[in-house]
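Following: one structure in structure tokens, then a few remarks.
These figures come from a predicted structure and were not determined experimentally. No hydrogens, no waters, no symmetry mates; every other heavy atom, side chains included, goes into these values. Start at 1 with the first residue, then count along the sequence.
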Amino acid sequence: MKNVFISYSHKDEEYKNQLIAHLSGLVRNKIIHLWDDRQIKIGDSWDATIKNKLEESDVAIFLISSDFLSSSYINEVEIKKTLERHSKGEILLIPVFLRPCDFESSEFSSLQGVPRDARFVVEFPNIDSAFLSIVKELKSLINNFEPVAKVTAIPQKETSNNLLSTNNQWDNCDSPPDIFKWVGRKKELEIINNDLFKVLFITGLGGQGKSSLAAAYILNKNMSHSWIQWDWRDFKEEGHRLKSKLIEIICRFSRDYDDVDFNDIPFPNLYDIFFQAIHGKKIIFVFDNIDAYIDYEKFIPEHDFRIFIEYILQKNHECRFIFTCRPFIKQADVGFFQIELKGFPYEESVELLEQYNISIRNTEKDKLYQELHNLTQGHPLWLNLLAAQATRGIDKLEEFISNITKGVNRGDLTETSIVSERILGELWKSLNNKQKILLRCLSELIKSEEKDEIAKIIAGELNYNQFTRALNNLKLLNLVVTKTKPGREEEIELHPLVKNFLKYILPLNEQSKYISIIIDYYDKVTYILKKRLSGNETLQFYEKWTNKVELAINKRDYRKALVTLEEISVPIQTAGFIEEFFRVTKLTYDSIDFNKAIENEYPNFISTLSSIVTIASELGNFNYAEQTIKRYADIVKNKGYHYIILCELYCKYYWNKLDYEKSIEWGDKGLLLLKQSEADITVDIEHTLYLAKRDSRNKERIKEALDFFLRGYSLYDIINDNIQEELPSYFYGNIGRCLYLSNDFNNALICYQKNFYTCL
């Protein structure tokens with residue numbers, strides 16, 4: 001028996017009572033149980049009762065009239081909540097057209113209502129005939145509808161090894177996508193649950209449900225109860241973030257590394273720390289969308305990621321690692337398995353389509369389902385997009401199919417052409433202006449954002465009610481992906497295929513407009529958060545800045561990107577996320593025209609250029625550091641200011657590369673020119689030059705370096721006096737290094753100890 005909730009205006013009570021009378025046969029046969037607000041008992045809280053009954057219901061019938069649509073309570077409570085649940089398949093929402101009104105402007109105008117063709121009950125010559133046709137439709141819809149329970153996390157076992165309680169399982173990691181209409185993939189879920197595999201790749205074309213499969217496994221009861229924790233990391237951002245993500249995981253699962261400076265730790269050592277942090281824990285790790293880490297010539301993970309996978313396979317641990325990406329990976333190892341997702345077979349396509357309760361005669365269903373399956377080759381995303389059209393009415397679906405196949409031999413339709421030219425193209429045409437505005441905004445977001453955040457971003461274009469209405473309709477059409485953490489607003493983003501389509505069809509001036517809207521919002525947020533910058537924050541804290549940098553790059557506003565980078569340069573690196581700072585800085589400098597940057601005097605261009613060359617060198621990415629320096633060298637026309645900067649860049653580059661002779665050669669050139677010019681230029685070339693002289697192990701050069709680092713202080717006083725706290729910590733460290741390389745080990749140790757204490 002299904003619980004049916006009737007929502008109506010009290011001015012339409014007579015019509016409601018007539019409908020209930022016509023539904024009495026379904027009630028007597030225990031097919032449905034009806035409830036409306038006249039059943040509220042005296043003394044009960046009417047608001048709480050209505051909300052509870054609506055939450056318990058499987059079907060909601062809305063009796064549509066102008067009075068219904070104008071009711072504040074109905075709009076704010078009953079319509080809003082029911083639309084959210086309907087979009088998730090948790091409840092079936094059926095509009096019943098009573099009296100003429102502007103239904104097309106309502107939040108649920110895209111839904112198929114009864115009587116058919118939006119004909120209102122009062123327009124029928126005989127009211128009983130109208131209600132009889134409605135009951136026949138309702139009987140079919142209700143019989144075929146099975147509410148989908150939202151996938152939720154499995155209860156966590158109480159264990160001393162479990163650092164995360166059930167309540168904060170979702171904290172400090174990315175969110176998996178919500179799953180509302182899950183079918184098939186039973187064999188794949190069984191494979192994932194096989195304890196033989198430490199590493200499992202889920203691969204396949206976009207839209208096949210790779211992320212959904214991983215989410216269904218960790219969030220549903222398919223996951224073996226031996227796994228007590230899970231951790232989800234999304235890698236779809238442009239550029240590499242492996243090191244930053246691993247640091248986050250380490251800090252999440254072990255308190256032993258809270259005060260560790262990860263900046264100078266190379267990848268192999270970081271992997272060792274990672275496995276120490278998860279030692280003795282049973283965790284499912286999902287690394288989603290790692291396409292940027294794949295070598296597309298060899299179809300294997302790139303260097304650092306490949307070594308990480310080798311560690312996973314070789315190390316003794318009790319964890320499982322799931323990776324998702326599009327290309328099929330050419331790898332075969334003990335403990336490694338790959339699932340390549342393809343389209344649903346016909347039976348599973350039918351299972352998915354049945355969840356949409358398409359109102360069509362059973363004799364015609366098989367023909368329609370076969371057509372949809374053949375058209376999409378069982379591709380889950382295309383099936384969902386087409387099935388969503390059926391919620392507008394079978395005639396709308398048939399018209400939609402006709403449009404996407406018009407003038408094309410169906411046998412020639414490939415998945416790519418269906419996406420770009422047909423299905424998504426027709427969907428875009430069918431949207432109203434407010435829905436298009438919201439999609440334009442979502443297409444420019446760097447990552448998912450909470451619903452209320454997006455509402456604030458787009459507030460200048462859509463008021464909250466318009467935003468909510470547009471979002472609910474986009475959900476019903478399966479155009480957005482939601483991610484929900486318990487106790488938090490749901491996060492919203494576009495499916496990558498939808499986002500890429502919009503990026504392709506929208507003109508640059510429109511993209512620029514919506515990027516500016518988002519940047520303006522981030523400016524307000526970061527202005528407030530800037531006061532909290534300390535170098536102790538999580539990576540998520542810095543995402544408002546890094547998102548703003550990427551948006552500025554997309555808009556080609558490099559001044560904004562450089563100013564934002566400068567704002568977080570020191571704290572984000574102090575916090576240990578040097579790789580993330582390098583990622584967004586590299587995106588910026590890969591896009592900038594160096595000539596224009598110099599001619600137009602972009603702020604912080606030189607200082608950030610020096611930072612990215614230094615960081616690239618420290619990370620061992622010498623090829624990129626050298627390429628960047630050469631790009632700068634190409635615009636240096638004479639031996640002025642920019643030539644001195646070029647000398648400084650090469651001096652740092654070769655010192656990091658341990659080529660001290662070349663470092664000294666470039667340092668001497670630049671320092672000589674700087675002294676000859678007597679120019680008031682802030683550069684770091686002298687300090688780097690003497691670092692190179694110090695590390696050259698040449699006695700005369702070490703002595704020169706020692707004299708420079710002493711800064712006029714007596715070596716005797718530095719060794720024998722108390723620590724001078726006003727001096728920077730590296731002051732004692734550099735002197736200690738000079739003494740060590742001069743074989744003066746006792747005094748070197750004294751300086752190292754003072755260096756240590758000044759760092760505390």
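Residue I492 holds its CD1 atom at 5.0 Å from CG of L471, rounded to the nearest 0.5 Å. Note that the CD atom of Q389 and the CG atom of L372 stand 11.0 Å from one another [nearest 0.5 Å]. Remark: I423 CD1 to N403 CG distance equals 12.0 Å, nearest 0.5 Å. If you take CD1 on I142 and CD on E137, they are separated by 11.5 Å, rounding to the nearest 0.5 Å. Atom CD1 of I127 sits about 9.0 Å away from atom CD of E14, to the nearest 0.5 Å. Interatomic distance, E371 CD to T376 OG1, rounded to the nearest 0.5 Å: 10.5 Å.
A centroid separation of 6.0 Å or more is found between the aromatic rings of Y8 and F68.
The two residues R185 and E188 have their closest heavy-atom pair at CA-OE1, 3.0 Å. Listed here is the closest heavy atom pair of A388 and L477: CB-CA, 3.7 Å. Looking at every heavy atom in both residues, F344 comes nearest to S349 through CB-OG, 3.5 Å. Of all heavy-atom pairs spanning F5 and S57, the tightest one is CB-OG, 3.3 Å. For the pair V480 and K475, the tightest heavy-atom approach, listed with the atom from each and the gap, is CG2-CG, 3.7 Å. Here the shortest heavy-atom pairing between I91 and L54 reads CD1-O, 4.2 Å.
Residue K436 places its NZ atom among more than 12 non-hydrogen atoms of other residues, nucleotides or ligands, all under 6.0 Å distant. No more than 12 heavy atoms of other residues, nucleotides or ligands sit less than 6.0 Å from atom NZ of K396. Sparse packing is recorded around NZ of K434, with 12 or fewer heavy atoms of other residues, nucleotides or ligands lying under 6.0 Å away.
Side-chain atoms of V498 and V481, non-hydrogen and from C-beta on, never get closer than 4.5 Å to each other. Counting only heavy atoms from C-beta outward, the side chains of D174 and D288 never approach each other to under 4.5 Å. With contacts defined as side-chain heavy-atom distances shorter than 4.5 Å, the pair F287/I322 does not qualify. The shortest distance between side-chain heavy atoms of W382 and L497 falls below 4.5 Å. Contact check for L445 versus L494: no side-chain heavy atoms found under the 4.5 Å cut-off. Here the side chains of W230 and C173 are in contact, with some heavy-atom distance below 4.5 Å. Residues L439 and L479 form a side-chain contact, since some pair of their non-hydrogen atoms from C-beta on lies under 4.5 Å apart. Side-chain atoms of L352 and E348, non-hydrogen and from C-beta on, never get closer than 4.5 Å to each other.
H373 pairs by the ring pair (Phe, Tyr, Trp, His ring centres under 6.0 Å) definition with Y346, not counting sequence neighbours. Applying the ring pair (Phe, Tyr, Trp, His ring centres under 6.0 Å) test to H22 and every residue at least two apart in sequence or in another chain returns F131.
For S24 (side chain) and A21 (main-chain N/O), a donor-acceptor pair under 3.5 Å exists by modelled atom type. Here the side chain of N473 pairs a donor or acceptor atom with the backbone of R469 at under 3.5 angstrom. Between the side chain of K210 and the main chain of G204, a donor-acceptor pair closer than 3.5 Å is present. The backbone N or O of V59 lies less than 3.5 Å from no partner atom in the side chain of K2, so there is not a single donor-acceptor pair. Here the side chain of S133 pairs a donor or acceptor atom with the backbone of A130 at under 3.5 angstrom. A donor-acceptor pair under 3.5 Å is formed between the side chain of Q435 and the backbone N or O of N432. Between the side chain of K342 and the backbone N or O of Q208, no donor-acceptor pair lies under 3.5 Å.
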Inset, instruction - Check the pair F201, I339 against side chain to side chain contact (heavy atoms under 4.5 Å, CB included), reporting the backbone distance first and the verdict last. - result: CA-CA 6 Å; F201 268 74; I339 296 172; over 6 Å; no

Inset, instruction - Please assess F400 against L386 for the test side chain to side chain contact (heavy atoms under 4.5 Å, CB included), listing each intermediate value before the final yes or no. - result: CA-CA 8 Å; F400 196 87; L386 287 172; 3.5 Å; yes

Inset, instruction - Could you give me the CA-CA distance, side-chain angles and deciding distance for F97 and L63, then say whether side chain to side chain contact (heavy atoms under 4.5 Å, CB included) is met? - result: CA-CA 6 Å; F97 303 117; L63 305 188; over 6 Å; no

Inset, instruction - Please report the C-alpha distance between D67 and K11 in whole Å, then the side-chain angles of each, then the deciding distance to 0.1 Å, and finally whether the salt bridge (charged side-chain N to carboxylate O under 4.0 Å, His left out) criterion is met. - result: CA-CA 7 Å; D67 291 303; K11 292 183 179 179; 3.7 Å; yes

Legend entry - Trace of the salt bridge (charged side-chain N to carboxylate O under 4.0 Å, His left out) decision for K429 with E426: CA-CA 5 Å; K429 291 177 190 176; E426 285 301 315; 3.3 Å; yes

Legend entry - Working for side-chain hydrogen bond (donor to acceptor under 3.5 Å, both in side chains), residues H495 and N478: CA-CA 9 Å; H495 189 284; N478 293 321; over 6 Å; no

Inset, instruction - Please lay out, stage by stage, how S7 and I61 fare under the test side chain to side chain contact (heavy atoms under 4.5 Å, CB included). - result: CA-CA 6 Å; S7 178; I61 296 175; over 6 Å; no

Inset, instruction - Check step by step if salt bridge (charged side-chain N to carboxylate O under 4.0 Å, His left out) holds for R99 and D12. - result: CA-CA 9 Å; R99 296 187 284 118; D12 296 318; 2.8 Å; yes

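Using a 4.0 Å cut-off between a side-chain N of Lys or Arg and a carboxylate O of Asp or Glu, D234 and K236 qualify as a salt bridge. Salt bridge status for K365 with E354: present, with a side-chain N to carboxylate O gap under 4.0 Å. Between K451 and E84 a salt bridge is recorded (basic side-chain N to carboxylate O distance below 4.0 Å). Ion pairing of K53 with E78 is absent here, as no side-chain N (NZ or NE/NH1/NH2) approaches a carboxylate O to less than 4.0 Å. A salt bridge does not link E364 with K367: none of the charged nitrogens is closer than 4.0 Å to a carboxylate oxygen. Using a 4.0 Å cut-off between charged side-chain N and carboxylate O, E13 and K16 make a salt bridge. Under the 4.0 Å criterion applied to side-chain N and carboxylate O atoms, R85 and E90 are assigned as salt-bridge partners. Ion pairing of K483 with E493 is present here, as a side-chain N (NZ or NE/NH1/NH2) and a carboxylate O approach within less than 4.0 Å.
Side chains of N472 and H86: a donor-acceptor N/O pair is absent below 3.5 angstrom, by distance only. If you check the side chains of E491 and T482, you find no donor sitting under 3.5 Å from an acceptor.
Considering N3, V4, T49 as possible partners of W35, the one that fulfils the side chain to side chain contact (heavy atoms under 4.5 Å, CB included) test is T49.
Cation-pi geometry between R320 and F285 is not satisfied (NZ or CZ under 6.0 Å from the ring centre, within 45° of the ring normal).
Ring geometry, Y464 versus F467: the interplanar angle falls from 30° to 60°, so the pair is classed tilted.
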